[in-house]
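Notes to accompany the following structure.
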Amino acid sequence: MSKNLELAKIFYRWADILDLKGDNPFHIRAYRQAAKVLEDLKEDIEDVIKNNKKLPGIGASLRKKIIEYLETGKIKDFEKLKEEFPPSLFELFEIPGLGPKTIKLLYERLNIKSIDDLEQAIKEGKLLRLPSFGLKKVEKIKKGLEIYKISRDKIPLGFALQIANFIIGSLKRNLKDVITNISYAGSTRRMKETVGDIDILVTVKNKKFVDKVNEEFKNLEIVKEVLWEGPTRTSILTKDGVQVDLRIIEKKSWGAALQYFTGSKAHNIALRKICLEKGYKLNEYGLYKDDKVVASENEEEIYLTLGLYPPPPELRENLGELTEAKKIFEKYIQPILNKEKLSLLDAYKLLKESIKSDENLRKKISFENLVTLKDIKGDLHVHSKYSDGANTLEEILKAALDFGYEYIGIADHSKSLKVANGLSEEEVKKRNYEIDKINEKIGKKVLLKVMEVDILPDGSLDYDEDILKDLDIVIAAIHSRFNQDNTERLLRAIENKYVNIIAHPSGRIINQRPSYDVDWDKVFKAASENNVALEINAYFNRLDLNDTLAYKAYKEYNCKFAINTDSHFIDQFWMVILGVGQARRAWLPKESIITTYNLPELLKWAQLKR
DNA sequence: GCCGTTTTCGGCCCGACTGTTTTCAGTCG
């Protein structure tokens with residue numbers, strides 16, 4: 001774990017402890033805010049301290065504590081404070097509906113120190129003896145415990161999108177004449193790699209349809225249990241244990257609600273601060289000036305009214321997007337307004353129109369130049385039946401063309417990866433021959449000869465030159481022996497003159513396996529210098545590189561990236577949207593992604609090294 | 001504990017909902 005995350009964890013825990021002690025709420029919030037800043041920080045905290053850089057929300061006092069941690073490995077005050085409560089008590093903070101005040105009460109009055117203790121106490125009916133406790137409150141805690149147990153891990157984004165799209169699709173289809181707007185919001189809309197629960201917002205033609213929508217939602221086949229039912233919000237638990245909230249919004253508040261429920265929380269807090277400075281008030285119903293609504297139905301209009309260019313949802317983490325939004329507004333929207341008498345929204349639409357036909361203009365506006373799904377020309381990492389994929393070359397070819405791709409890289413495993421049916425040299429040659437034949441038959445090069453070649457423990461590759469030289473693209477990857485010096489392995493692979501892409505560079509698997517230790521600065525620097533692209537593996541439980549590392553690789557080292565799905569079935573191509581989402585979260589422009597190149601550009605790029 | 005183009009003190013985002021102590025504290029998003 002990086003020092004950033006270690007410190008974030010300490011400050012979160014510190015805040016919990018202060019909460020239990022009943023400290024000043026603003027004092028507590030300062031710790032949580034600092035923890036969040038550290039958690040989201042895209043550079044190493046060691047470097048920030050070394051270079052005397054300031055961080056928002058971290059002042060002299062917390063800075064001193066951070067330095068103490070970096071130098072000694074612990075913080076004295078924290079070590080002392082920690083001893084006041086048993087560690088298992090902090091599990092209780094994970095239970096929805098239980099907050100610090102209740103946990104404190106449970107601990108002090110009933111000596112409840114853990115989730116097990118809590119369950120026992122409920123069974124024995126002890127909770128009812130507490131002041132301010134009734135039957136309903138106990139029921140609520142029981143339910144919270146249930147939810148905690150089912151969904152302890154956050155769900156991967158790909159899974160959340162499938163559920164959200166299924167629900168939206170079903171409601172739209174079945175309530176065609178009732179629903180006017182419907183969208184998911186929250187971290188799903190921000191394309192965060194994992195999602196806690198899913199938020200869906202909907203507007204109806206007429207208030208009288210509200211019950212109909214709720215009824216339809218509750219009776220979807222994926223629903224296991226209705227958790228909560230109300231006129232504006234209904235929550236369900238799916239059979240897979242995912243909580244989905246459906247909120248019915250008034251049409252006139254659609255934009256404000258979408259903005260509000262998309263978040264992130266940090267983004268919204270920062271945005272409200274801007275409102276205050278400018279004399280506005282913002283909530284989920286609208287943007288107000290002197291108690292009069294000035295924008296509410298359209299999300300973009302809310303940002304524009306505040307002098308901000310609407311930031312893409314993927315960037316809304318309060319990591320600089322609001323400063324950038326202001327810059328873009330002043331440079332590109334304000335001049336239009338000065339010149340022509342247009343509403344904010346019309347000026348914005350006019351600019352959007354110009355961007356469509358003017359690639360140079362798009363390049364200048366960072367929010368518009370982020371890679372989009374439309375920019376992607378192909379996928380370079382797809383497994384065929386030759387190794388551990390499910391489909392033949394012909395099936396993959398057809399699927400790729402149907403998907404609108406210009407090219408598709410057949411990337412089978414190499415000989416060492418026996419569990420995945422890695423190909424011997426002879427098999428590679430046979431496969432390549434078949435690829436050539438298929439391309440000849442259709443009269444154009446669509447299938448590319450790629451291999452996902454194992455990086456052996458000493459950093460050498462699994463095939464010799466005579467195989468590598470015949471491939472269009474060479475992908476190198478670590479698949480085993482994770483306990484080696486993986487920085488050295490990656491560096492050697494990057495320096496190999498045939499290697500074009502490093503697949504899933506960090507090796508992490510969401511909810512299963514953390515990244516191995518790598519000196520990213522060295523790897524990114526080498527990749528940039530050797531013209532090797534880093535993969536943004538879009539497979540739903542990899543998303544590797546993740547947003548934070550990709551941001552660093554681009555910003556500090558100007559690296560190139562390949563968004564690949566690592567598909568093993570042709571119906572997994574859709575996962576490319578997850579990769580695009582992570583790339584956008586990393587602020588990656590179109591030109592940094594090699595899978596946006598057309599085929600001649602791509603092949604030329606791949607040959608640069610050789 | 002942080003922060004500052006009114007401020008080095010006195011603010012700190014805001015509203016909804018719940019359950020219960022019936023006027024408000026606790027929790028959530």
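A quick note: this is a predicted structure, and the numbers were derived from the prediction, not measured. Chain naming here is simple, since letters A, B, ... match the order of the sequence lines and numbering starts at 1 in each.
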Exercise. Using atom C1' of each nucleotide, how far apart are B:dC12 and B:dT8 to the nearest Å?
Worked result: 16 Å

Exercise. Mind checking the P distance from B:dG1 to B:dT5? Whole angstroms is fine.
Worked result: 23 Å

Problem set entry | Sugar-phosphate, base or nothing in reach of A:Lys104, heavy atoms under 4.0 Å | nothing

Seminar exercise, completed: Rounded to whole Å, the NZ-P distance (A:Lys273 to B:dC12) equals 10 Å

Extract all donor-acceptor atom pairs below 3.5 Å that involve side chains of residues 88-104 of chain A and protein atoms in other chains or at least two apart in sequence.
residue	atom	partner	partner atom	Å
A:Ser88	OG	A:Lys113	O	2.7
A:Glu91	OE1	A:Ile115	N	3.3

Exercise. Looking at OG of A:Ser187 and NZ of A:Lys154, how far apart are the two atoms once the value is rounded to the nearest 0.5 Å?
Worked result: 6.0 Å

Exercise. Going 5' to 3' along nucleotides 24-29 of chain B, which nucleotides have protein heavy atoms under 4.0 Å from the base (write B), which only from the sugar-phosphate (write S), and which from neither (write -)?
Worked result: --SSSB

Seminar exercise, completed: Rounded to whole Å, CD1 of A:Ile274 lies from C1' of B:dC12 at a distance of 16 Å

Exercise. In this structure, which one of A:Leu545, A:Leu157, A:Asn546 forms a side-chain contact (heavy atoms from CB on, under 4.5 Å) with A:Gln582?
Worked result: A:Leu157

Exercise. Within less than 4.0 Å of OP1 or OP2 of B:dA16, is there a side-chain N or O belonging to A:Tyr285?
Worked result: yes

For this session: Quickly work out the A:His27 NE2 to B:dG11 P distance and round it to whole Å.
Result: 19 Å

Problem set entry | Whole-Å distance separating the NZ atom of A:Lys136 from the P atom of B:dT20 | 7 Å

Return a table of donor-acceptor pairs under 3.5 angstrom between the side chains of residues 280-289 of chain A and protein atoms on other chains or two or more places apart.
residue	atom	partner	partner atom	Å
A:Asn283	OD1	A:Tyr285	N	2.8
A:Asn283	OD1	A:Gly286	N	3.2
A:Lys289	NZ	A:Lys278	O	3.3

Exercise. Base, sugar-phosphate, or nothing for A:Ile58, non-hydrogen atoms under 4.0 angstrom?
Worked result: sugar-phosphate

For this session: Starting from P on B:dG15, measure out to CG on A:Leu276 and report it in whole angstrom.
Result: 11 Å

For this session: Please measure how far the P atom in B:dG15 lies from the corresponding atom in B:dG10, and state the result in whole Å.
Result: 25 Å

Problem set entry | B/S/- contact track for nucleotides 5-10 of chain B, protein heavy atom under 4.0 Å | ------

Exercise. When we call it a touch if two heavy atoms are under 4.0 Å apart, what does A:Pro56 touch: a base, just sugar-phosphate, or nothing?
Worked result: sugar-phosphate

For this session: Give the rounded distance in Å between these two atoms: CZ of A:Phe11 and C1' of B:dC2.
Result: 13 Å

Exercise. Using the P atom in both, what is the distance from B:dA16 to B:dG11, to the nearest Å?
Worked result: 24 Å

For this session: Could you tell me whether A:Arg585 and A:Glu317 make a salt bridge, using a distance below 4.0 angstrom between a side-chain N and a carboxylate O?
Result: yes

Exercise. Nearest-Å distance, CD (A:Gln259) to C1' (B:dG15)?
Worked result: 14 Å

Problem set entry | Nearest atoms (heavy-atom pairs only) where A:Asn165 meets A:Tyr184 | OD1-CE2, 3.6 Å

Exercise. Expressed as a whole number of Å, how far does the P atom of B:dT20 sit from that of B:dT27?
Worked result: 14 Å

Seminar exercise, completed: Closest to the 5' end of DNA chain B, once A:Ala60 and A:Asn283 are matched to their nearest nucleotides, is A:Ala60

Let me have the donor-acceptor pairs involving side chains of residues 16-24 of chain A, under 3.5 Å, with sequence neighbours excluded, atom names and distances please.
residue	atom	partner	partner atom	Å
A:Asp16	OD1	A:Arg32	NH2	2.8
A:Asp19	OD2	A:Arg32	NH1	3.3
A:Asp19	OD2	A:Arg32	NH2	3.0
A:Lys21	NZ	A:Glu84	OE1	2.7
A:Lys21	NZ	A:Glu84	OE2	3.2
A:Asp23	OD1	A:His27	ND1	3.2
A:Asp23	OD2	A:His27	ND1	3.3
A:Asn24	OD1	A:Phe26	N	2.8

Problem set entry | Assigned partner base of B:dT8, Watson-Crick or wobble definition, under 3.5 Å | none

Problem set entry | Test: A:Lys142 and A:Glu139 ion pair at under 4.0 Å | yes

For this session: Pick out which of A:Glu6, A:Lys74, A:Lys64 makes a side-chain hydrogen bond (donor to acceptor under 3.5 Å, both in side chains) with A:Tyr69.
Result: A:Glu6

Exercise. Can you tell me if the side-chain N/O atoms of A:Lys54 get under 4.0 Å from OP1 or OP2 in B:dC2?
Worked result: no

Exercise. How close or far is atom C1' of B:dG19 from atom CD1 of A:Ile141, stated in whole angstroms?
Worked result: 11 Å

For this session: Go through the structure and list residues passing salt bridge (charged side-chain N to carboxylate O under 4.0 Å, His left out) with A:Lys54, not counting sequence neighbours.
Result: none

